[in-house]
Each structure stands twice: as structure tokens, then as C-alpha cells.
Amino acid sequence: MIIISHRGNIDGPSEEENHPDSIDKCISLGYDVEVDVRYDLLTSVFWLGHDKPQYKVSWKWVANRHDRLWIHYKDIITLHEFAKY
């Protein structure tokens, strides 16, 4: 059975949603994690955040966790960027 944490939450809503440390904690506890990812085309930067870009992450950060992440692409630009890989 796969248990998926919503944005790094395991105990209800939190101010730390989509925070890289919260995501890593959930993964270390055995959860998969649904994350909200955005790509800024102007700066070539990936961001985590539901309503807005909040936490800058690298492609390597995402790639190192790809087997435990359920990625919600927040826009078509982000989807196209991921499709390159």
C-alpha cells in the first residue's frame, strides 16, 4: 500500500506545506508526497508552492526524490519543462 502525504502534511494542514524539509521528513517516514511544482521560465528556476512560488528547489532536488513524489504541475509551462526529461 502507498500512503501519500498531501504537500508534506501528515497531521493536518500546516504552515510548512510544500516546504522541502517537510517533504523530506515525510519521505524519511515512508510516505510518498504530493507536491505543487512551478517553473519560472524567465529565471529557469523550479519552485514549490500551492498558490504561489514559495520554496526554490533545483532540478536535482526533484530528480533525487522522483520515485516518491506525486507532482502537481501548476501550469503548462512547468509540464512542458518536465517533459524535456
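In this text the structure is predicted, and so the values were computed from the model without any measurement.
- Residues Val37 and Tyr39 are members of one and the same hydrophobic cluster, defined by side-chain heavy-atom contacts under 4.5 angstrom among Ile, Leu, Val, Met, Phe, Trp and Tyr.
- Applying the ring-ring contact (aromatic ring centres under 6.0 Å, His included) test to residues at least two apart or on different chains, the pairs with a partner in residues 49-72 are His19-Tyr55, Phe46-Trp59, Trp59-Phe82, Trp59-Tyr85.
- In this structure, Asp51 and Arg38 approach most closely via the heavy-atom pair C-NH2, 3.1 Å.
- Screening Val62, Asp36, Ile23 against Leu48 for a side chain to side chain contact (heavy atoms under 4.5 Å, CB included) leaves a single residue, Ile23.
- Asp67 contributes atom CG, which lies 8.0 Å from atom CD1 of Ile27 (distance to the nearest 0.5 angstrom).
- Hydrophobic clustering of Ile, Leu, Val, Met, Phe, Trp and Tyr side chains at less than 4.5 Å, counting indirect connections, keeps Ile10 apart from Val35.
- Rounding to the nearest 0.5 Å gives a distance of 10.0 Å between NZ of Lys25 and OG of Ser5.
- Taking NE2 from His6 and CG from Asn18, the interatomic distance works out to 8.0 Å, rounded to the nearest 0.5 Å.
- To the nearest 0.5 Å, atom CD1 of residue Ile4 and atom CG of residue Leu69 are 11.0 Å apart.
- With rounding to the nearest 0.5 Å, the separation of CG in Leu29 from CD1 in Ile3 is 11.0 Å.
- In this structure, the separation between CD on Gln54 and CD on Glu16 is 9.5 Å, given to the nearest 0.5 Å.
- Scanning for salt bridge (Lys or Arg N to Asp or Glu O under 4.0 Å) contacts around Asp32 gives Arg68, with sequence neighbours left out.
- Across every non-hydrogen atom of Val33 and Gly8, the tightest pair is CG1-N, 3.5 Å.
- Note on Ile71 and Ile76: same hydrophobic cluster, where clusters join Ile, Leu, Val, Met, Phe, Trp and Tyr whose side-chain heavy atoms are under 4.5 Å apart, directly or indirectly.
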